Peer 1: 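Encoded as structure tokens, here's the structure I'll be asking about.
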Amino acid sequence: MTVRLRVAPSPTGHLHVGTARAALFNWLYARHTGGSFILRIDDTDRERSTVEFEEDILDSLRWLGLDWDEGVGVGGPHGDYRQSSRYDRYREAASSLVESGAAYYDNRTAEELEALRQRAVAEKLHPAHYIRRPEETWADGAIRMSVPQEEAVVFEDLVRGRVSFEARDIDDFVILRSDGTPTYHLASTVDDVDYGITHVARGEDLLPSTPKHIVLTRALGAAPEPEYAHLPLLFGTDGKKLSKRHGATSLSLYRDEGYLPDAVFNYLSLLGWSIDGDRTIFSRDEAIASFDLVDVSRNPAVFDPDKLAWLNGEYIRAMDPVDFARSARLHVEGAVGRSLDEGEWARFEAVAPLVQERTRLLPEAGDQVVFLFEDFAEYDPVAWDKVMAKAGVAGILSSARDRLATVDPWEAGTVEATLRGMLEEMGLGAAKGLQPLRVAITGSSVSPPLFESMSALGREKTLQRVDRAIGQLAGTG
RNA sequence: GGUCCCGUCGUCCAGAGGCCUAGGACGCCGGCCUUUCAAGCCGGAAACGCCGGUUCGAAUCCGGUCGGGACUGCCA
């Protein structure tokens with residue numbers, strides 16, 4: 001039997017990193033086993049579902065590199081893979097369950113039901129305890145499953161092992177609302193059955209729903225039942241379920257902030273799984289080769305932005321320099337505030353490899369090189385105090401200015417030779433003699449290597465900025 | 001309150017009775033390198049929640065306890 005897995009996001013928001021991680025594990029297992037990965041859209045919440053969010057989800061999944069074999073956008077033998085297209089099927093399933101006696105119409109009010117729950121709680125029972133088929137019967141209203149009370153629901157979870165729920169703790173849950181729309185439990189289970197899903201790997205928050213889905217699956221007459229794998233939840237750094245409070249939780253945000261899909265893929269795969277005891281960085285193919293749902297960890301994982309950033313830096317440094325320059329261009333132009341012409345682009349390309357080594361997130365690349373294209377408004381005050389407001393600096397700057405004026409040709413190598421000659425003659429250490437120039441050129445005490453920066457800046461601009469610093473020094477006395 | 005899940009360095013993982021004086025990674029601290037910052041290299045601090053039991057031997061098995069989490073809707 002060939003393995004079939006699915007991911008079923010609701011288009012009520014951007015693709016959440018938790019959903020992305022679940023999708024990733026499903027995808028890895030499908031690829032590992034040679035099975036199929038299916039994308040279904042659970043859009044039964046018509047109020048909150050939008051086509052924009054659906055597109056964002058598809059885009060994010062593609063960006064992450066998770067391709068699907070069937071589903072929304074690519075088709076397959078089961079229609080368009082949107083739950084909103086299958087209401088007739090869900091209604092039909094619900095009525096046939098009523099006919100078989102597995103489910104019943106329920107017209108009790110919310111107040112009546114709430115009273116039953118409170119009574120159970122008062123008696124220290126599970127709140128579901130008294131939500132059962134009442135004496136009175138109806139021929140319309142909401143439809144509830146009648147959960148068989150004879151035996152416990154027991155299943156072997158691929159990551160958690162044997163899990164069991166007493167039947168008395170499972171309430172007779174609603175499968176079809178009184179307005180004729182299906183609940184999540186019905187729609188999801190019917191789809192899993194109809195689409196021949198063999199493995200349901202999803203977040204642990206759905207573990208308490210699983211016995212309901214098993215009851216439903218059995219009542220639907222489906223065999224074999226799918227295998228379940230409940231993945232550990234993702235937490236924020238405060239140990240609570242990852243949510244918007246924790247900052248960036250949507251995948252598209254990471255894409256927009258200049259993270260690399262391979263790095264995000266690699267990082268996400270590390271949350272609740274590991275390829276072995278000592279490898280942290282590995283390729284998709286390596287992950288596919290080793291991945292198995294039974295190896296997934298049982299405990300929740302804290303999403304650590306620092307480690308993601310570090311990993312992203314590793315991937316950036318491993319990039320082909322040409323690719324890096326191309327990927328960074330957008331961010332450089334963003335930082336400069338306009339697009340670069342051909343000559344400017346060439347200047348960036350000249351220093352790009354040096355910038356690449358110093359970049360963890362693509363936008364940082366832009367910040368490092370704006371000085372090449374725009375005159376900075378003011379010197380960084382801390383840098384100025386620490387480097388420029390010192391005796392002898394004016395002398396260093398004017399001496400450097402004179403020598404730089406005659407450098408020929410204007411290249412990093414010749415600039416370096418000239419400046420090093422100056423340091424030697426003046427008896428200056430490199431740090432002491434060069435930092436003032438760095439601040440003069442870039443406005444900051446932190447920048448890409450100085451000689452290459454000057455070379456890329458050009459002689460004219462370089463001299464101009466040294467003059468500006470000399471002037472500023474004279475002005476402040 | 002109830003049901004279920006979970007419990008190894010601050011964090012993510014390795015560890016499936018002796019290979020553990022518990023390993024790797026991020027982060028942190030110190031050093032080297034060095035024109036700044038990174039990167040790189042070297043070194044360091046840092047954990048089996050607790051109590052019992054099984055066993056010649058337990059991070060690994062069992063029980064209890066404590067702690068954390070999820071769920072508890074005609075949301076998904």
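Letters go in sequence order (proteins before strands), and every chain restarts at 1. Below, each value reflects all heavy atoms present in this structure, side chains not excepted, and no hydrogens, waters or symmetry copies. Source: prediction; values computed, not measured.
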Peer 1: Nearest-Å distance, CZ (Phe165(A)) to P (U72(B))?
Peer 2: 12 Å
Peer 1: Assess the residue pair Phe348(A) and Phe373(A) against the criterion (ring-ring contact (aromatic ring centres under 6.0 Å, His included)); give the C-alpha distance rounded to whole Å, side-chain angles, the decisive distance to 0.1 Å, and a yes or no.
Peer 2: CA-CA 9 Å; Phe348(A) 172 66; Phe373(A) 310 110; 7.2 Å; no
Peer 1: How close or far is atom C1' of G69(B) from atom CG of Leu234(A), stated in whole angstroms?
Peer 2: 13 Å
Peer 1: Within residues 181-188 of chain A, find the residues that approach RNA chain B with a heavy atom at under 4.0 Å, and present them sorted by residue number.
Peer 2: Thr183(A), Tyr184(A), His185(A)
Peer 1: Rounding to an integer number of Å, can you tell me how far Ile131(A) CD1 sits from G2(B) C1'?
Peer 2: 13 Å
Peer 1: Can you confirm if the NZ or CZ of Arg133(A) lies within 45° of the ring axis of Tyr105(A) and under 6.0 Å from the centre of its six-membered ring?
Peer 2: no
Peer 1: On a whole-Å scale, what distance lies between the C1' atoms belonging to G15(B) and C32(B)?
Peer 2: 34 Å
Peer 1: Per the salt bridge (Lys or Arg N to Asp or Glu O under 4.0 Å) rule, what does the pair list look like for residues 385-398 of chain A, sequence neighbours excluded?
Peer 2: none
Peer 1: Distance between the C1' atoms of G17(B) and G24(B), in whole angstroms?
Peer 2: 23 Å
Peer 1: Quick one: side chain to side chain contact (heavy atoms under 4.5 Å, CB included) partners of Asp157(A), sequence neighbours excluded?
Peer 2: Phe155(A), Val159(A), Arg160(A), Val163(A), Leu207(A), Tyr228(A), His230(A)
Peer 1: Round to the nearest Å and state the distance from Ile175(A) atom CD1 to G73(B) atom C1'.
Peer 2: 16 Å
Peer 1: What are the residues of residues 108-125 of chain A, sorted by number, that bring a heavy atom to within less than 4.0 Å of RNA chain B?
Peer 2: Arg108(A), Arg117(A), Val121(A), Lys124(A), Leu125(A)
Peer 1: Roughly how many Å is it from CG in Leu233(A) to P in A70(B), rounded to a whole number?
Peer 2: 7 Å
Peer 1: Tell me the partner of U34(B), counting only Watson-Crick (N1-N3 plus N6-O4 or O6-N4) or G-U wobble (N1-O2 and O6-N3) with both under 3.5 Å; none if nothing fits.
Peer 2: none
Peer 1: Using the C1' atom as the reference point in each nucleotide, state the distance between C51(B) and C42(B) in Å, no decimals.
Peer 2: 42 Å
Peer 1: Mark yes or no for whether Trp410(A), through its side chain, and Met454(A), through its backbone, hold a donor-acceptor pair below 3.5 Å.
Peer 2: yes
Peer 1: In the structure shown, which nucleotide is the Watson-Crick or G-U wobble counterpart of G52(B), with both distances under 3.5 Å?
Peer 2: C62(B)
Peer 1: Does anything in residues 426-446 of chain A pair up under salt bridge (Lys or Arg N to Asp or Glu O under 4.0 Å), and if so which pairs, sequence neighbours excluded?
Peer 2: none
Peer 1: Just checking Phe25(A) against His199(A), ring centres under 6.0 Å apart?
Peer 2: no
Peer 1: Angle class for the Tyr87(A)/Tyr90(A) ring planes (parallel below 30°, perpendicular above 60°, tilted otherwise)?
Peer 2: tilted
Peer 1: Please name all residues satisfying salt bridge (charged side-chain N to carboxylate O under 4.0 Å, His left out) with Glu55(A), sequence neighbours left out, ordered by chain then number.
Peer 2: none
Peer 1: Less than 3.5 Å apart, which donor and acceptor atoms pair up between the side chains of residues 288-296 of chain A and the rest of the protein, not counting sequence neighbours?
Peer 2:
{"from": "Ser290(A)", "atom 1": "OG", "to": "Glu286(A)", "atom 2": "O", "distance (Å)": "3.1"}
{"from": "Asp292(A)", "atom 1": "OD1", "to": "Val294(A)", "atom 2": "N", "distance (Å)": "3.1"}

Peer 1: Whole angstrom is fine here: how far is it from CZ in Arg168(A) over to C1' in C4(B)?
Peer 2: 13 Å
Peer 1: What interatomic distance, in whole Å, is found between P of G49(B) and the corresponding atom of U11(B)?
Peer 2: 12 Å
Peer 1: Determine the interatomic distance between P on U60(B) and the same-named atom on C71(B); round to the nearest Å.
Peer 2: 30 Å
Peer 1: Pairing check on C12(B): which nucleotide meets the Watson-Crick or G-U wobble criteria with it, both distances under 3.5 Å?
Peer 2: G24(B)
Peer 1: What is the per-nucleotide protein-contact pattern of nucleotides 8-23 of chain B, from the 5' end, where B denotes a base atom under 4.0 Å from a protein heavy atom, S denotes such proximity for sugar-phosphate atoms only, and - denotes neither?
Peer 2: S--SBSS--------B
Peer 1: I'd like to know if the side chain of Ser398(A) and the backbone of Gly395(A) have a donor-acceptor N/O pair within less than 3.5 Å.
Peer 2: yes
Peer 1: I want to check something: taking the side chain as every heavy atom from C-beta on, are Leu64(A) and Leu251(A) in contact at a cut-off of under 4.5 Å?
Peer 2: yes
Peer 1: Run the side chain to side chain contact (heavy atoms under 4.5 Å, CB included) test against Ala309(A) and tell me which residues pass, sequence neighbours left out.
Peer 2: Arg360(A), Leu361(A)
Peer 1: Write down the distance between CG (Asp306(A)) and C1' (A25(B)), rounded to a whole number of angstrom.
Peer 2: 13 Å
Peer 1: Treating Arg401(A) as the side-chain partner and Leu463(A) as the backbone partner, does any N or O pair qualify as donor plus acceptor under 3.5 Å?
Peer 2: no
Peer 1: How does protein reach along nucleotides 28-48 of chain B, written 5' to 3' as B (base within reach of a heavy atom under 4.0 Å), S (only sugar-phosphate), or - (no contact)?
Peer 2: -------BBBBSS--------
Peer 1: Using heavy atoms to find the nearest nucleotide of RNA chain B for Arg144(A) and Val159(A) separately, return the residue whose nucleotide is more 5′.
Peer 2: Val159(A)
Peer 1: Tell me which nucleotide, if any, is Watson-Crick or G-U wobble paired with A70(B) when both distances must be under 3.5 Å.
Peer 2: U3(B)
Peer 1: Determine yes or no for a side-chain-to-main-chain donor-acceptor pair under 3.5 angstrom, with Asp80(A) supplying the side chain and Val72(A) the backbone.
Peer 2: no
Peer 1: Could you identify which residues of residues 201-209 of chain A place a heavy atom less than 4.0 Å from some atom of RNA chain B, listed by residue number, or say none?
Peer 2: Glu204(A), Asp205(A), Leu206(A), Leu207(A), Pro208(A), Ser209(A)
Peer 1: Starting the side chain at C-beta, find the nucleotide from C4(B), C74(B), G69(B) nearest to Val163(A).
Peer 2: C4(B)
Peer 1: Output the rounded distance in Å from CD1 (Ile170(A)) to P (U72(B)).
Peer 2: 14 Å
Peer 1: Can any side-chain N or O of Asn312(A) pair as donor or acceptor with the backbone N or O of Leu260(A) at less than 3.5 Å?
Peer 2: yes
Peer 1: Judged by atom type as modelled, is there a donor-acceptor pair below 3.5 Å linking the side chain of Asp43(A) to the main-chain atoms of Ser84(A)?
Peer 2: yes
Peer 1: Take atom P in G57(B) and the same atom in G18(B), then report the distance between them in whole Å.
Peer 2: 14 Å
Peer 1: What integer number of Å spans the C1' atoms of G40(B) and C33(B)?
Peer 2: 8 Å
Peer 1: Looking across every strand, which nucleic acid part, if any, lies under 4.0 Å from Ser10(A) by heavy atom: base, sugar-phosphate, or nothing?
Peer 2: sugar-phosphate
Peer 1: Between A45(B) and C29(B), how many Å separate the two P atoms, rounded to a whole number?
Peer 2: 16 Å
Peer 1: Is there any side chain to side chain donor-acceptor pair (under 3.5 Å) pair reaching into residues 415-429 of chain A, and which pairs are they, with sequence neighbours excluded?
Peer 2: Arg403(A)-Glu425(A), Glu416(A)-Arg420(A)
Peer 1: With sugar-phosphate meaning primed atoms plus P, OP1 and OP2, does Thr44(A) contact a base, only sugar-phosphate, or nothing at under 4.0 Å between heavy atoms?
Peer 2: sugar-phosphate
